[in-house]
Amino acid sequence: MHHRDTPQPNLRVVEGVHECPTCGLFQRVPSLEPGLTAACPRCGGKLERRRRTSAILAPLGFCVASLALYWALLLSPLLVLDVHGRRNAVNLISGPIELIHQGFGEIGILVGFTTVVMPGVVLALMLAILGGSFRAQVPLWIRPCMAWYERLRPWSMVEVYVIGLIVAYTKLVDMAVVTLEPGAFLLGGLMLMMAVMDSTFDASIIWRHQSVDKRHGLGLYPSDVHPLPHPEKMLSCHACHLVFVAEDAVAAEHDMGDCPRCGQILRRRKRNSFSATIAFLIASLSCYVPANLFPVMSLTKLGHSGPHTIIGGVIELWQSKLYFLSLLVLFASITVPVLKIVSLNVMLYYQRHPRRWILPWLSKLYRIVVFIGRWSMIDVFMISILVAVVRFPFFARVMAETGVIFFAAVVILTIFAADLYDPREMWDAAGLNDDHASSFSRDEKVEPLSGSDEMEPKRA
Ligand SMILES: [Zn+2]
Ligand SMILES: [Zn+2]
């Protein structure tokens, strides 16, 4: 798209090599059989995954189905609340609009962004990628689309919204007659379709067909040279994972121009990750106390107004004998933010006081923290549904309260903190990314491992 910087001419592409995203180990990965995942032998990070099917047709089918469900969902009510014959319907868009009406514009925008805008954007990008890759001459704009798809995918929170809807539904059942409308089932269908689309889509196939353009003048590093160059000369693109080698050692945060394959900025390490992570952790910690102290919403029923805090909502679910849901919300809203803040602090501490034995555990913890971050949005989504549907003047009314701003701030700030942190720097600090100390596994061939539960390493 943009050509702000051309890559440094002294970069060469190293094929068949991957950098572990959580520990920074460069390693040769043999070409994988379909259905296999290659994992880092040092920390277990995922290096490469081959889907069982290499066809474009399957994810394309699920993508088109998802888009159809998405359009239908925009027009359909999710649920209807009936209070003494007065009916109120809520759809995907009414929550954000009601939040804006109540003066919580930033929360309304956040909910609209993650549940209305982003699912549409992500599906449109996927349609463009899959449609474009059908052409004989695969167009160049597929590359930025791929980079943006990976970056934006976590911000499409349909699956989290589904849980928010379930929690809202159970709260409403106590209050009045509530019926699920077609939109609720379309939403569940969309969640499943998008999950299947992602699990059949093999990004490495698209990248493999995108050989680096000759125009960029990048040479290839010979694939049969052992050992690999010094790790400080090597870097990988954070978006498309292409690995490069420079003539000389590259400073950790030096801007090496744009990736010739996907156009994202090339750096060996994330910029200012230590201080940026601390800044976001302090900000999220200072929001954490008011988020749990102040009510996040209030319910006015027949003139009586009651504030609801996050923990109050958990207790209420428990008292309604919805134990599983109660524990789920307790985990997502209270445990996860604490876990994220404490874990990242521990990582920062061990980056300053390196201990080698703990690093594989911290790398695993980092991957967990990144994975679970978005699930804390359950309560925010639940509130957005309740404010939109419980709107019966003089009888029952749910209003958002100040606490929800602090709560959403904790969720978003901790997501950013985890994003800004570079877990490879813990391994750097322990001296494990110097050539000598880590040479134990650098040039061993990585054996394909069976990866997550959906993979079976069996061969037909
Ligand atoms: Zn690793
Ligand atoms: Zn790239």
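Counting convention: from 1, in listed order, for ligands and their atoms alike. Predicted model only: the values in this text are computed from it and were never measured.
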When you measure from the side chain of Lys270 to the backbone N and O of Pro423, does any donor-acceptor pair fall under 3.5 Å? no
Exactly one of Glu19, Gln264, Glu150 should register a side chain to side chain contact (heavy atoms under 4.5 Å, CB included) with His238. Which one does? Gln264
Counting distance only, does the side-chain N/O of Asn272 pair as donor-acceptor with the main-chain N or O of Ser275 below 3.5 Å? no
About how many Å separate CZ of Arg268 and NZ of Lys233, when rounded to the nearest 0.5 Å? 12.0 Å
Do any protein N, O or S atoms sit under 2.8 Å from the Zn ion (ligand 2), and which ones are they? Cys237 SG, Cys240 SG, Cys259 SG, Cys262 SG
Taking CZ in Phe134 as the centre, count heavy atoms belonging to other residues, nucleotides or ligands within less than 6.0 Å. Is the count above 12? yes
Among Gln27, Arg424, Arg42, Lys46, exactly one meets side chain to side chain contact (heavy atoms under 4.5 Å, CB included) together with Cys20. Which residue is that? Gln27
Would the distance check show the side chain of Arg267 and the main-chain N or O of His254 forming a donor-acceptor pair, the cut-off being under 3.5 Å? no
Would you check if the side chain of Asp422 reaches a backbone N or O of Ser273 as a donor-acceptor pair within less than 3.5 Å? no
Take the Zn ion (ligand 1) and tell me which protein N, O or S atoms are nearer than 2.8 Å. Cys20 SG, Cys23 SG, Cys40 SG, Cys43 SG
Salt bridge present between Arg153 and Asp198 (N-O < 4.0 angstrom): yes
